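See structure below.
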There are 2 protein chains.
Amino acid sequence: MSKNLEDIARLAGVSRSTVSRVINGHPHVSELTRRRVMEVVKREGFFPNPAARTLVTQRTRVLGFITPQALPDVFADPYFPALIQGISSTANQYDYALMLWLGEGTEEEERFYHRIRQTGLIDGVVVASVVDDDPLIAHFVEDRFPFVLIGPPPREGLNSIDIDNRHAARVAVEHLIHLGYQRIGMITGWLKMPSARARLDGYRDALRMAGRSASDSRIAEGNFLEPSGYMGMKMLLHQDVDAVFCASDTMAVGAMRALHEERLRVPDDVALVGFDDLPISAALSPPLTTIRQPIRRLGSVATEALINLLDGALATPYHVLLPTELVIRGSCGALLKR
Amino acid sequence: MSKNLEDIARLAGVSRSTVSRVINGHPHVSELTRRRVMEVVKREGFFPNPAARTLVTQRTRVLGFITPQALPDVFADPYFPALIQGISSTANQYDYALMLWLGEGTEEEERFYHRIRQTGLIDGVVVASVVDDDPLIAHFVEDRFPFVLIGPPPREGLNSIDIDNRHAARVAVEHLIHLGYQRIGMITGWLKMPSARARLDGYRDALRMAGRSASDSRIAEGNFLEPSGYMGMKMLLHQDVDAVFCASDTMAVGAMRALHEERLRVPDDVALVGFDDLPISAALSPPLTTIRQPIRRLGSVATEALINLLDGALATPYHVLLPTELVIRGSCGALLKR
DNA sequence: TTGAAAGCGCTAACAG
DNA sequence: CTGTTAGCGCTTTCAA
């Protein structure tokens with residue numbers, strides 16, 4: 001049904017190879033033939049069969065995006081859409097298509113990996129949201145399959161990109177310190193994830209640099225989700241905190257719920273800082289002070305890095321940390337005069 | 001580097017065709033050879049080159065998912081992740097891979113469509129979040145390219161699936177009516193989207209069936225997003241409403257913000273019902289009464305339909321409306337004794 | 001039940 | 001500058 005190179009060649013009165021050359025923009029084609037061929041190509045709405053092309057070039061111009069963890073559980077929020085938007089738009093910009101694999105948890109990583117590889121048809125992958133020592137990574141390394149990581153801390157031989165979680169967390173906590181809070185607690189993310197640990201480190205950094213001891217009794221372990229924020233806050237209230245840094249806005253919402261339930265006010269009784277800057281965060285009452293991350297950008301930069309890697313133009317090892325921004329709203333109150 | 005059929009054939013002492021038969025599970029292969037071949041295949045970790053296979057079969061076992069609108073703007077929320085999870089997991093279940101295209105708004109639909117088609121490598125697509133008479137659809141129809149729609153109202157010759165927006169909205173508003181509210185307003189979604197209009201219709205249905213006139217002055221046009229909920233509520237307050245049905249939870253959050261600002265209480269001064277059941281909705285104060293939609297399921301069912309379509313096993317025209325669920329929480333209060 | 005051989009549509013090396 | 005030709009790795013008749 002659909003025409004092929006041969007048909008176009010015949011229609012244009014040239015050979016198959018000439019049409020191929022024209023289509024691929026090779027030099028050494030007379031301006032006249034080029035024009036004649038292009039005309040037929042346009043008229044017939046012809047485009048080369050990608051499978052055939054792939055068969056010989058070994059390139060598909062398709063990228064993959066993989067998240068082994070079932071994302072919507074971990075990042076119930078705009079993280080995933082924003083990331084994927086960044087990846088998608090950059091891929092398109094460089095004329096790549098995008099394939100997607102979401103882990104489901106129900107399936108062993110081993111099978112997951114096989115599904116990805118057997119599908120073939122991808123030149124390289126962006127991998128996000130891995131837990132530590134994800135076996136997936138080991139496989140990619142072993143198979144020498146091109147990939148770029150989003151999220152994990154820089155490591156030997158891996159190309160990766162992330163936001164500066166540790167620094168961002170430090171900034172958040174320093175904000176509380178500057179405002180005069182004395183007993184600052186933290187509700188952490190899911191500590192199996194590097195980002196969660198980095199934020200915890202940042203919290204400790206801030207306290208240490210302010211000459212305070214970071215008592216572990218003021219640290220509640222959460223998992224990024226709302227209920228864990230609620231429970232974490234309940235727990236921290238026994239520790240008499242006057243401010244809490246939450247490793248996600250979602251947990252901050254949970255913390256607020258706990259506070260409301262106890263008839264405590266934000267920020268008067270307990271101040272709150274979140275992390276993410278969700279769309280709703282500005283609409284909470286009080287509006288949440290939080291850390292904004294350039295998630296979309298994260299996806300874009302990772303994708304660009306991958307494409308460069310495929311072109312042999314990436315200076316490896318490649319490690320980038322994107323800066324974040326403290327967004328000050330009402331949940332921390334003004335300078336305390338204590 | 002990677003082995004091919006020929007290599008495996010040699011290793012197993014059979015011909016290329018026999019290996020192909022074994023791999024594709026054809027009958028008429030002796031149990032003995034089958035076993036011998038499979039052993040070599042396993043040992044060598046062999047899998048057939050998908051491009052070569054596609055070249056001859058004209059099938060890729062790859063599905064596409066397309067959303068022409070830049071989703072994160074329209075559905076700032078879990079809609080997108082949930083939908084894509086449903087699609088992805090069902091595709092995987094049937095041993096299909098998934099490709100993704102997100103519209104960017106910056107690009108004309110014409111080019112968008114070409115990008116998709118030229119990439120080739122997909123057997124069919126699931127299309128979500130189209131506005132009315134999206135030119136994309138016309139193209140697919142014209143090219144006889146297999147697709148299933150998520151979201152639009154049933155239409156001649158198109159296979160589509162959706163939740164029953166109209167009925168769901170009616171249920172939501174009837175809930176308010178039963179509770180005794182008298183002046184029920186609505187903040188609509190982006191009326192260019194069929195789902196937004198269907199919800200508006202449902203609102204009118206409920207009022208009409210209760211023998212009330214649906215005064216348009218109590219309808220505020222929004223766009224699904226938080227700020228439009230805020231503004232819509234501000235406007236409706238002039239209309240002296242005692243309850244408001246919001247076409248999205250996100251707008252309900254905005255509405256709450258407006259109410260707080262005016263020092264009005266929910267539900268005592270104004271009752272609120274949302275639509276979506278976001279994770280945070282249960283955590284609002286008061287917790288939001290809302291409509292829960294089976295978004296993940298929507299993706300799954302659409303994908304299954306597409307796969308059946310590809311297998312020539314779909315009874316067309318195919319139109320399905322998935323049921324929703326009213327989730328009653330605190331934002332509507334108890335039965336009023338008026 | 002198995003093998004030989006013909007293509008699927010394209011790129012690229014080689015001649016001319 | 002252009003055409004001829006040999007594959008890329010697989011499926012699928014057709015014979016045996």
Side-chain angles (χ1 to χ4, degrees), chain A residues 1-41 44-62 95 97 117-123 310, chain B residues 1-41 44-62 95 97 117-123 310:
Chain A
M1 47 178 271
S2 182
K3 295 207 160 33
N4 65 23
L5 264 195
E6 192 72 51
D7 299 326
I8 302 299
R10 197 172 327 108
L11 255 32
V14 297
S15 82
R16 198 164 61 196
S17 3
T18 300
V19 180
S20 175
R21 288 193 191 98
V22 171
I23 286 185
N24 294 296
H26 286 202
H28 310 310
V29 180
S30 81
E31 193 45 38
L32 194 73
T33 13
R34 150 160 291 125
R35 211 171 323 218
R36 192 146 37 100
V37 169
M38 279 313 287
E39 194 174 311
V40 179
V41 166
E44 301 293 329
F46 171 79
F47 55 91
N49 178 313
R53 193 176 238 180
T54 293
L55 188 54
V56 32
T57 59
Q58 309 285 25
R59 284 281 218 122
T60 64
R61 287 204 85 83
V62 178
D95 208 27
R117 289 312 308 278
Q118 297 210 6
T119 300
L121 300 178
I122 45 175
D123 291 340
L310 294 176
Chain B
M1 50 178 269
S2 181
K3 293 206 162 34
N4 64 20
L5 264 195
E6 193 72 49
D7 299 326
I8 302 299
R10 198 173 326 109
L11 255 31
V14 295
S15 81
R16 199 163 62 192
S17 358
T18 299
V19 179
S20 175
R21 289 192 190 98
V22 170
I23 285 183
N24 293 295
H26 285 199
H28 309 310
V29 179
S30 82
E31 192 47 38
L32 194 75
T33 10
R34 152 159 289 124
R35 206 166 331 210
R36 193 145 36 101
V37 170
M38 279 311 290
E39 193 174 313
V40 179
V41 167
E44 301 293 328
F46 172 79
F47 55 90
N49 179 312
R53 193 175 237 181
T54 294
L55 187 56
V56 33
T57 61
Q58 308 285 23
R59 284 279 219 123
T60 64
R61 287 206 85 86
V62 177
D95 209 25
R117 289 312 307 280
Q118 297 209 7
T119 300
L121 300 178
I122 45 177
D123 290 340
L310 295 176

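Bear in mind that the values here come from a model prediction, so they are computed numbers and not experimental data. We use all heavy atoms of the structure for the numbers below, so side chains are in, but hydrogens, waters and symmetry mates are not. A note on names: the letters A, B, ... follow the listed sequences, proteins ahead of strands, and every chain is numbered from 1.
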Task: Distance in angstrom units between B/I8 CD1 and C/dT2 P, rounded - done: 17 Å

- [ ] Take the protein atom CZ of A/R59 and the nucleotide atom P of C/dA12, then report the distance between them rounded to whole Å.
- [x] 12 Å

Task: Neighbour count >12 (heavy atoms, 6.0 Å) for atom CD, B/Q118 - done: yes

Open item on the list: With a 4.0 Å cutoff (strictly under), does any side-chain N or O of B/T57 reach OP1 or OP2 of D/dC10?
Closed with: no

- [ ] Tell me, yes or no, whether the heavy-atom count around A/E39 atom CD, taken from other residues, nucleotides or ligands under 6.0 Å, exceeds 12.
- [x] no

Task: Per B/Q58 side chain, nearest of listed nucleotides D/dG3, C/dC8, C/dC10 - done: C/dC8

Open item on the list: Are the side chains of A/V14 and A/V37 in contact, using a 4.5 Å heavy-atom criterion?
Closed with: yes

Open item on the list: It should be established whether A/S15 places a side-chain nitrogen or oxygen under 4.0 Å from OP1 or OP2 of nucleotide D/dT4.
Closed with: no

Task: Nucleotide of D/dT12, D/dC10, D/dT2 approaching B/H26 most closely (side-chain heavy atoms) - done: D/dT12

- [ ] For B/L5 and C/dG7, give me the distance from atom CG to atom P, rounded to whole Å.
- [x] 19 Å

Open item on the list: Without decimals, in angstroms, what is the distance between B/I23 CD1 and D/dG9 C1'?
Closed with: 11 Å

- [ ] Measure from the side-chain heavy atoms of A/N4 and tell me the nearest of C/dG9, C/dA12, D/dC8.
- [x] C/dG9

Task: B/F46 and B/I23, any side-chain heavy atoms less than 4.5 Å apart - done: yes

Open item on the list: Categorize B/T33 for me: base, sugar-phosphate, or nothing, with a 4.0 angstrom heavy-atom threshold over every strand shown.
Closed with: sugar-phosphate

TODO: Name the residue closer to the 5' end of DNA chain D, choosing between B/A52 and B/R21 according to the nucleotide with the nearest heavy atom.
DONE: B/A52

Open item on the list: Using whole Å, what does the distance between atom P of nucleotide C/dC10 and atom CZ of A/R61 come to?
Closed with: 17 Å

TODO: Report yes if a side-chain nitrogen or oxygen of A/T18 is closer than 4.0 Å to either non-bridging phosphate oxygen (OP1 or OP2) of D/dG3; otherwise report no.
DONE: yes

- [ ] Ignoring backbone atoms, establish whether A/N24 has a side-chain N or O less than 4.0 Å from OP1 or OP2 of C/dT11.
- [x] yes

Task: Test: B/E31 and B/R35 ion pair at under 4.0 Å - done: yes

TODO: Figure out the NZ/P separation between B/K3 and D/dG9, and round it to whole Å.
DONE: 13 Å

Open item on the list: On the nucleotide D/dT12, are OP1 or OP2 found under 4.0 Å from the side-chain N or O atoms that B/S20 carries?
Closed with: no

Task: Atom pair distance, as rounded to whole Å: CG in B/L55 and C1' in C/dC8 - done: 4 Å

Open item on the list: Just the rounded figure in Å: distance from C1' of D/dC10 to CZ of A/R53.
Closed with: 20 Å

TODO: Would you mind telling me which of D/dC10, C/dG9, D/dT2 lies closest to the side-chain atoms of B/R16?
DONE: D/dC10

Open item on the list: OP1 or OP2 of C/dC8 versus the side-chain N and O atoms of A/N49: is any pair under 4.0 Å?
Closed with: no

TODO: Counting heavy atoms from C-beta on, name the nucleotide in D/dC10, C/dC10, C/dT1 closest to the side chain of B/H28.
DONE: C/dT1

- [ ] Kindly say if A/S17 contacts the phosphate of C/dA12, meaning a side-chain N or O under 4.0 Å from OP1 or OP2.
- [x] no

- [ ] Specify the closest pair of heavy atoms between B/A9 and B/R16, including all atoms of both residues, with the distance to one decimal.
- [x] CB-N, 3.7 Å

